Amino acid sequence: MTTNDDARGEHQGAQAGPPAVPSLGHLLRRWPVLADAAAARELFWLNPRAWPASRALPALPLGQADVQDAALRLERFRPYLAQAFPETAPLGGRIESPLRAVPALQQALARAAGRPFPGRLLVKLDSHLPISGSIKARGGIYEILKLAETLALGRGLLRRGDDYRALASPAARALFAAHSVAVGSTGNLGLSIGIIGAALGFRVTVHMSADAKAWKKDLLRSRGVRVVEHAADYSLAVAQGRRQAQGDPSCHFVDDENSRDLFLGYAVAGQRLKAQIEELGQPVDQDHPLLVYLPCGVGGGPGGVTLGLKLAFGDAVRCFFAEPTAAPAMLAGLCTGLHEAISVRDLGLDGRTEADGLAVGRPSGFVGRTLEHCIDGVFTVGDQTLLRLLNLVAATENLRLEPSGLAGFPGACRAAMTGAAGLPGALPTATHLVWATGGGMVPPEVWADYEARAAALGGPREPLPL
């Protein structure tokens with residue numbers, strides 16, 4: 001395994017452009033974990049560059065003050081959100097999801113694997129976040145709210161201390177209508193940007209990759225959002241969105257690969273989760289570790305949540321990213337130190353997966369470099385595993401989670417049932433938290449198709465290779 005200094009030198013050595021990616025043979029010899037990745041095998045990789053929080057957090061370009069600023073901005077928007085989106089009214093305009101114990105599922109997973117599942121299994125239901133039904137309701141909505149606030153303050157339509165329901169006024173909507181928003185997405189980020197952007201009055205264009213589901217495109221169009229479909233993958237959709245913004249000074253581009261605002265919107269989840277954990281009476285400390293499993297596409301969502309969790313819990317929390325076996329982009333970027341310079345295609349993989357929100361060929365270089373010492377590991381999950389889990393989770397807990405939102409469960413099983421190379425997950429005092437990132441807006445006919453294909457695989461027999 002390369003050292004951190006070796007990897008950093010490789011990345012920074014080519015000043016004129018991104019570093020050259022070694023041949024596949026060289027990649028597999030130098031980083032053996034990539035042999036399993038290239039063969040599309042499920043794996044669990046521990047990051048040798050992970051540092052203690054006391055060392056890693058002070059080195060980050062973002063910290064507690066930045067996250068607190070984002071949290072306060074979301075508080076200011078609560079009156080507007082409660083009015084514009086009645087589904088948020090029960091929480092006073094707060095966009096938040098439940099934290100839930102799933103004992104029946106935990107027992108079913110243990111039976112399926114034929115091993116005990118020690119500790120406690122929880123699910124963070126960002127799949128059921130209001131407004132857009134996925135974790136993207138955190139970062140995506142936050143970035144557009146910040147844009148609206150900035151424009152309104154600059155025009156004098158809003159002052160500090162005002163009721164933010166003023167942003168629904170005709171004058172505010174006229175201001176926003178003179179501006180446009182563009183984003184590239186595999187689906188859920190596009191939904192969140194499109195829904196909040198259109199509600200405020202912005203002209204929104206979502207560039208969708210070939211992996212995006214048709215129902216997500218249809219839903220956006222029904223909200224008045226312009227959807228541009230691309231036959232290629234996520235990276236091209238992002239590039240097209242960036243190009244649109246570069247040619248229009250009134251267009252704001254939501255950069256899923258590099259946006260600090262997206263990142264900070266996600267990070268607010270860390271402090272909120274701490275309060276929810278305390279309400280459950282679940283201790284989190286060195287003797288009661290918290291292991292969190294976060295589905296990962298380009299990396300912004302799990303990266304922001306990881307920052308928030310590390311700030312909230314320090315070394316008592318371990319954060320692991322889940323990726324499809326067909327698209328282990330963050331794994332490849334982190335383990336080689338090449339970050340966005342390497343693609344899953346360099347491993348001979350096509351990136352096609354049922355987990356459309358995770359179908360990303362290149363990771364975010366911003367997230368990889370920022371959190372290379374905070375991400376504790378990465379594991380991969382195959383499509384058949386996800387489909388079998390879909391029916392198992394529905395049958396035991398009456399929860400409907402789309403394939404990408406299920407990706408964290410195999411990592412929890414691996415850490416809890418095998419101890420995964422010395423992780424504290426096998427402790428009976430450990431808490432395993434799967435971040436369910438999407439599924440709240442999936443149409444009934446799409447669920448029926450998922451369930452039928454899952455049933456054809458023969459049910460939850462051996463769904464989680466350990």
Side-chain angles (χ1 to χ4, degrees), residues 74 81 85 87-88 91 94-100 123-145 183-199 204 206 208-209 211-220 222-223 225 227 234 237 254 256 259 262-263 265-269 272-273 292-305 308 321-324 353-360 386 390 393 399-409 433-443 446-447 450:
L74 288 170
L81 291 169
F85 299 95
E87 62 269 36
T88 69
L91 292 179
R94 173 174 281 202
I95 303 171
E96 195 46 77
S97 69
L99 177 65
R100 174 174 158 182
V123 178
K124 179 61 172 162
L125 291 171
D126 272 12
S127 50
H128 292 69
L129 278 171
I131 302 180
S132 67
S134 82
I135 190 174
K136 302 301 184 179
R138 296 186 184 277
I141 289 175
Y142 172 76
E143 177 153 342
I144 301 306
L145 293 179
V183 65
S185 174
T186 58
N188 286 341
L189 180 63
L191 280 182
S192 71
I193 298 296
I195 291 171
I196 188 65
V204 185
V206 178
M208 292 285 223
S209 66
D211 308 285
K213 303 297 185 186
W215 70 265
K216 296 180 182 181
K217 300 171 187 176
D218 293 341
L219 178 57
L220 283 169
S222 75
R223 301 294 181 96
V225 174
V227 176
Y234 164 85
V254 179
D256 196 13
S259 172
L262 278 177
F263 193 77
Y266 297 125
V268 172
R272 292 184 176 180
L273 180 76
V292 182
Y293 311 92
L294 296 147
C296 176
V298 76
V305 172
F321 287 12
E323 296 190 290
T353 171
E354 288 288 349
D356 59 308
L358 313 183
V360 172
L386 294 174
L390 186 141
V393 171
L399 281 176
R400 285 183 161 181
L401 306 178
E402 64 183 350
S404 59
L406 293 159
F409 288 105
L433 193 158
V434 171
W435 215 280
T437 52
M441 299 184 75
V442 176
V446 177
W447 280 123
Y450 281 148

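Numbering starts at 1 and runs along the sequence shown. What you see is a predicted model; the values in this text were computed from it and never measured.
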Exercise for the section: Can you measure from CD1 (Ile95) to CG (Leu81) and round to the nearest 0.5 angstrom? Expected result: 5.0 Å
Fill in the blank from the handout: To the nearest 0.5 Å, atom OG of Ser222 lies from atom NZ of Lys217 at 15.0 Å
Practice task
Kindly indicate, with the supporting measurements, whether the criterion side-chain contact (heavy atoms from CB on, under 4.5 Å) is fulfilled by Leu433 and Val123.
Solution key: CA-CA 6 Å; Leu433 193 158; Val123 178; over 6 Å; no
Exercise for the section: Applying side chain to side chain contact (heavy atoms under 4.5 Å, CB included), name anything that partners Pro98, two or more places apart in sequence or on another chain. Expected result: Leu125
Handout entry: Residues that Lys124 engages under salt bridge (charged side-chain N to carboxylate O under 4.0 Å, His left out), provided they are two or more places apart
Key = Glu96
Completion exercise
Taken in chain and number order and not counting sequence neighbours, the residues that satisfy side chain to side chain contact (heavy atoms under 4.5 Å, CB included) with Ala198 are Val225
Problem - Residues Lys216 and Glu402 bridged, charged N to O under 4.0 Å - result: yes
Handout entry: Heavy-atom pair of closest approach, residues Gly194 and Leu220
Key = CA-CD2, 3.8 Å
Exercise for the section: Check whether the side chains of Asp126 and Thr437 place a donor and an acceptor atom closer than 3.5 Å, and report yes or no. Expected result: no
Problem - Exercise: identify the closest heavy-atom pair between Asp256 and Leu262 - result: CA-CD1, 3.6 Å
Practice task
Can you measure from CG (Leu99) to CZ (Arg272) and round to the nearest 0.5 angstrom?
Solution key: 14.0 Å
Problem - Verdict with reasoning, Phe409 to Val393, per side-chain contact (heavy atoms from CB on, under 4.5 Å) - result: CA-CA 10 Å; Phe409 288 105; Val393 171; 4.2 Å; yes
Practice task
Could you grab the distance from atom OG of Ser192 to atom CD1 of Ile135, nearest 0.5 Å is fine?
Solution key: 10.5 Å
Handout entry: Smallest separation among heavy atoms of Asp356 and Lys213, with atom names
Key = OD2-CG, 3.6 Å
Practice task
Would you mind telling me which of Ile193, Val204, Ile195 makes a side chain to side chain contact (heavy atoms under 4.5 Å, CB included) with Ile144?
Solution key: Ile193
Problem - Heavy-atom closest pair, residues Ile141 and Ser132 - result: CD1-OG, 4.4 Å
Practice task
Using side chain to side chain contact (heavy atoms under 4.5 Å, CB included) as the criterion, list what pairs up with Ser185, not counting sequence neighbours.
Solution key: Leu189, Val206, Met208
Completion exercise
Heavy-atom nearest pair, Tyr266 first then Lys136, reads OH-CD, 3.2 Å
Exercise for the section: Check whether any side-chain heavy atom of Arg138 lies under 4.5 Å from a side-chain heavy atom of Val268, and answer yes or no. Expected result: no
Handout entry: From CA spacing to verdict: side-chain contact (heavy atoms from CB on, under 4.5 Å), Phe85, Ile196
Key = CA-CA 9 Å; Phe85 299 95; Ile196 188 65; 3.6 Å; yes
Fill in the blank from the handout: Sorted by chain and residue number, the side chain to side chain contact (heavy atoms under 4.5 Å, CB included) partners of Ala359 (sequence neighbours excluded) come out as Asp211, Thr353
Show me the side-chain donor-acceptor pairs of residues 295-305 shorter than 3.5 Å, one per line, residues at least two apart or across chains.
none

Handout entry: pair Leu401-His128: side-chain heavy atoms closer than 4.5 Å
Key = yes
Completion exercise
Separation between CD (Glu354) and CG (Leu390), nearest 0.5 Å, reads 10.0 Å
Practice task
Kindly indicate whether the side chain of Val292, heavy atoms from C-beta on, has any atom under 4.5 Å from the side chain of Trp435.
Solution key: yes
Exercise for the section: Begin with the C-alpha distance, continue with both residues' side-chain angles, and end with the deciding distance and a verdict on side-chain contact (heavy atoms from CB on, under 4.5 Å) for Arg94 and Thr88. Expected result: CA-CA 6 Å; Arg94 173 174 281 202; Thr88 69; over 6 Å; no
Completion exercise
For Ala322 and Leu358, the nearest pair of non-hydrogen atoms, with its separation, is O-CD1, 4.2 Å
Exercise for the section: Please check if the side chain of Trp447 supplies one atom and the backbone of Val442 the other of a donor-acceptor pair under 3.5 Å. Expected result: yes
